[in-house]
Undergrad: 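Before I ask anything, here is the structure I am working with.
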Amino acid sequence: MSSRMQIYEAVRRIPRGRVSTYGDIAKAAGLPGQARQVGYALAALGGETDIPWHRVVNTSGRVSVRTGDRSVEELQRALLRAEGIRFGPADTIDLRRYRHE
DNA sequence: AACCTGACGACGC
DNA sequence: GGCGTCGCCAGGT
């Protein structure tokens, strides 16, 4: 429960126009190796939140696929593009360039 | 208690 | 880079 707060705090630290990965956030939240927990914590956020959930992608530099609802992924890409992040072929982001340490 | 399921990831081919 | 395998762990059946 409290670990979820740690996750949100870490996500909050991602600067605008940059991204981080589930694994990196997990590590930053003191939960190394528990990337999945990050996914669950973000999924638990409703639409109303000030947490920049869209700045979290997987290590492939791509927006993770949700089960069912596919429109959310489009929204995430739109939000990222709005921050100046460019997507390459296959909707891939260049992590070497946008990844936040 | 056993088993299944994910907004994941590292590793070996 | 694609693909299969295994490790991870909270929650729900």
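Naming convention: chains lettered A, B, ... in sequence-line order (proteins, then strands); numbering from 1 in each chain.
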Undergrad: For dG1(C), which nucleotide in any strand shown is its Watson-Crick or wobble partner with both distances under 3.5 Å?
TA: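 Base-paired to nothing in any strand shown.
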Undergrad: Looking at Phe87(A), is Arg81(A) sitting on its ring face, NZ or CZ under 6.0 Å from the six-membered ring centre and within 45 degrees of the normal?
TA: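 Flagged: Arg81(A) positioned over aromatic ring of Phe87(A).
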Undergrad: Rounded to the nearest Å, what distance is computed from the OH atom of residue Tyr22(A) to the P atom of nucleotide dC8(B)?
TA: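 So the two atoms are 6 Å apart, to the nearest Å.
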Undergrad: Figure out the CG/P separation between Leu42(A) and dA10(C), and round it to whole Å.
TA: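 Nearest whole value for this atom pair: 16 Å.
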Undergrad: Reckon Thr21(A) touches a base, only the sugar-phosphate, or nothing at all at heavy-atom distances under 4.0 Å?
TA: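 Result for Thr21(A) = sugar-phosphate.
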Undergrad: Once each nucleotide of nucleotides 3-9 of chain C is scored for protein heavy atoms under 4.0 Å, what B/S/- sequence comes out, 5' to 3'?
TA: ----BBB
Undergrad: Who is the Watson-Crick or G-U wobble partner of dC8(C), with both distances under 3.5 Å?
TA: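 Base-paired to nothing in any strand shown.
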Undergrad: List in chain and number order the residues that pass side-chain contact (heavy atoms from CB on, under 4.5 Å) with Glu73(A), two or more places apart in sequence or in another chain; answer none if no residue qualifies.
TA: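 For Glu73(A) the side-chain contact (heavy atoms from CB on, under 4.5 Å) partners, ignoring immediate neighbours, are Val63(A), Val65(A), Arg66(A), Arg70(A), Arg77(A).
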Undergrad: Kindly determine whether Gln76(A) and Val57(A) satisfy side-chain contact (heavy atoms from CB on, under 4.5 Å), including the steps that lead there.
TA: CA-CA 10 Å; Gln76(A) 182 169 3; Val57(A) 299; 4.1 Å; yes
Undergrad: For the pair made of CG in Leu79(A) and C1' in dA7(B), what is the distance, rounded to whole Å?
TA: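 Distance, rounded to whole Å: 15 Å.
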Undergrad: Would you find a donor on one side and an acceptor on the other, under 3.5 Å apart, between the side chain of Arg12(A) and the backbone of Ile7(A)?
TA: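 No.
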Undergrad: Rounded to whole Å, how long is the line connecting atom CD1 of Ile7(A) with atom P of dA7(B)?
TA: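 From Ile7(A) CD1 to dA7(B) P: 15 Å.
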Undergrad: Provide the distance between the two P atoms, one in dG12(B) and one in dC8(C), to the nearest whole Å.
TA: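 dG12(B) and dC8(C) have their P atoms separated by 16 Å.
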Undergrad: So what does Val38(A) hit on the nucleic acid, given a heavy-atom distance under 4.0 Å: a base, only sugar-phosphate, or nothing?
TA: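 No contact.
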Undergrad: Can a salt bridge be assigned to the pair Arg86(A) and Asp94(A) using a cut-off of 4.0 Å between side-chain N and carboxylate O?
TA: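 Here Arg86(A) does not pair with Asp94(A) in a salt bridge, since their nearest N and O are not under 4.0 Å apart.
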Undergrad: For the CZ atom of Arg97(A) and the CZ atom of Arg18(A), what is their distance to the nearest 0.5 Å?
TA: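 Arg97(A) CZ to Arg18(A) CZ: 10.5 Å, rounded to 0.5 Å.
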Undergrad: Mind running side-chain contact (heavy atoms from CB on, under 4.5 Å) on Ile93(A) and Ile85(A) for me, showing each step along the way?
TA: CA-CA 8 Å; Ile93(A) 292 175; Ile85(A) 292 177; 4.0 Å; yes
Undergrad: What is the distance from CZ of Arg62(A) to P of dG9(B), rounded to the nearest Å?
TA: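 It is 13 Å, rounded to the nearest whole Å.
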Undergrad: Tell me: CG of Leu95(A) to P of dA10(B), nearest whole Å?
TA: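 Rounded to the whole Å, the gap is 11 Å.
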